[in-house]
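Worksheet for the structure shown next.
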Amino acid sequence: MKRVVASTVVMLAVALTVAGCGRHSQKDGWITLIDGNAGMENWSVSGSSANWRAEDGAIQADKTTGKGASVLVSQRSFRDLEIYAEFWASDDTNSGIYLRAPDPNKVNTASGAFEVQIWDKNPNPKYSTGSLVNVVEVQPIYKAGGRWNTYEITAKGSEIIVKLNGVVTATTREAKTHEGRIGLQFNGGPIKFRKLLVREL
């Protein structure tokens, strides 16, 4: 009986993985920017000298020799898009995913970019993990530390929708519409991205 249950669990896990891959296939317009260790060539580094690297099946950073945030900036610009990302963070990680960053040399919210937050211990809890920084607060407070998580982000016109692990955590219909880069932030604590796919809308 135990063998049957174990076999069923394994088959279910495989089926879900295959279904997830099929949901984001190239034939449906998805562009792969990170796939395990692959994808560093799709990004440039802006900001302090963090140790962004491909290692152990993910693009990651956990140290810096400078002050302030370091951001991996996509080589391509996007306007209306969907993002699917798989990430791992610790409890004290300060990170995030930027979208529509108009200046690749200044990827932050002050420049007009939107930041989907990854920061469980933000001193300002309303802009912790799952929020759109300075745009949409989170309630209840969500946690991502210590495990793999998914973000599904849709930006179409003035509407932005954020899903963390399948749950909608932030929405707005008042976003500024412009074209810009995607950014992956390191601002303290380890952060890993093992999948990042984009589809233009």
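Values reported hereafter were calculated over all heavy atoms of this structure, with side chains retained and with hydrogens, waters and symmetry mates removed. Owing to the predicted nature of the structure, the values given are computational and were not obtained by experimental measurement.
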- Do the two ring centres, one from Phe114 and one from Tyr98, sit under 6.0 Å apart?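 No - the distance between ring centres of Phe114 and Tyr98 does not fall below the 6.0 Å cut-off.
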- Task: Step by step, work out the salt bridge (Lys or Arg N to Asp or Glu O under 4.0 Å) result for Arg199 and Asp80.
- Result: CA-CA 9 Å; Arg199 178 165 65 178; Asp80 291 344; over 6 Å; no
If only side-chain N and O atoms count, and only distance matters, is there a donor-acceptor pair under 3.5 Å linking [Y] with [X]?
X: Arg181; Y: Ser77; result: yes
X: Asn105; Y: Ser46; result: no
X: Trp52; Y: Ser70; result: yes

For the residue pair [X] and [Y], establish whether any side-chain heavy-atom pair is separated by less than 4.5 Å.
X: Glu152; Y: Thr154; answer: no
X: Thr171; Y: Ile160; answer: no
X: Trp43; Y: Ile182; answer: yes
X: Phe186; Y: Val71; answer: no
X: Tyr151; Y: Thr129; answer: yes
X: Val136; Y: Ser131; answer: no
X: Leu184; Y: Ile34; answer: yes
X: Leu81; Y: Glu179; answer: no

- Item | Option from Leu164, Val116, Leu132 for which side-chain contact (heavy atoms from CB on, under 4.5 Å) with Thr169 holds |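 Only match with Thr169 under side-chain contact (heavy atoms from CB on, under 4.5 Å): Leu164.
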Heavy-atom closest pair, residues [X] and [Y]:
X: Gly57; Y: Asn37; answer: N-OD1, 2.8 Å
X: Leu196; Y: Ala85; answer: CD1-CB, 4.1 Å
X: Val138; Y: Pro125; answer: CG2-O, 3.8 Å
X: Thr177; Y: Arg79; answer: CG2-NH2, 3.1 Å
X: Val73; Y: Pro104; answer: CG2-O, 3.7 Å
X: Gly189; Y: Ser90; answer: CA-OG, 4.4 Å

- Query: Checking salt bridge (Lys or Arg N to Asp or Glu O under 4.0 Å) for the pair Asp35/Lys195: CA distance, chi angles, key distance, verdict?
  - Reply: CA-CA 5 Å; Asp35 185 11; Lys195 292 281 185 186; 2.5 Å; yes
- Message: Counting only heavy atoms from other residues, nucleotides and ligands, does the tally under 6.0 Å from CZ of Arg147 exceed 12?
- Response: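 Counting neighbours around CZ of Arg147, more than 12 heavy atoms of other residues, nucleotides or ligands fall under 6.0 Å, so yes.
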- Message: For Glu41, I'd like to know if atom CD has over 12 heavy atoms of other residues, nucleotides or ligands within 6.0 Å.
- Response: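 Result for CD/Glu41: enclosed.
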- By side chain to side chain donor-acceptor pair (under 3.5 Å) - contacts of Glu86 (at least two apart):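 Partners of Glu86 by the side chain to side chain donor-acceptor pair (under 3.5 Å) criterion, ordered by chain and then number, come out as Tyr84, Arg194.
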- Task: Indicate yes or no for a side-chain donor-acceptor contact from His178 to the backbone of Gly112 under 3.5 Å, with no hydrogens or angles considered.
- Result: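 Indeed, once roles are kept as given, a pair shorter than 3.5 Å links the two residues.
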- Quick one: does Asn187's side chain have a donor or acceptor within less than 3.5 Å of a partner on Ser95's backbone?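 No, the answer is negative, given that no donor and acceptor are paired below the 3.5 Å cut-off.
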- Task: Apply side-chain hydrogen bond (donor to acceptor under 3.5 Å, both in side chains) to the pair Asp120 and Ser128, showing each step before the final yes or no.
- Result: CA-CA 5 Å; Asp120 287 358; Ser128 58; over 6 Å; no
- Identify whether the distance between the nearest side-chain nitrogen and carboxylate oxygen of Glu200 and Lys156 falls below 4.0 Å.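 No, this pair does not count.
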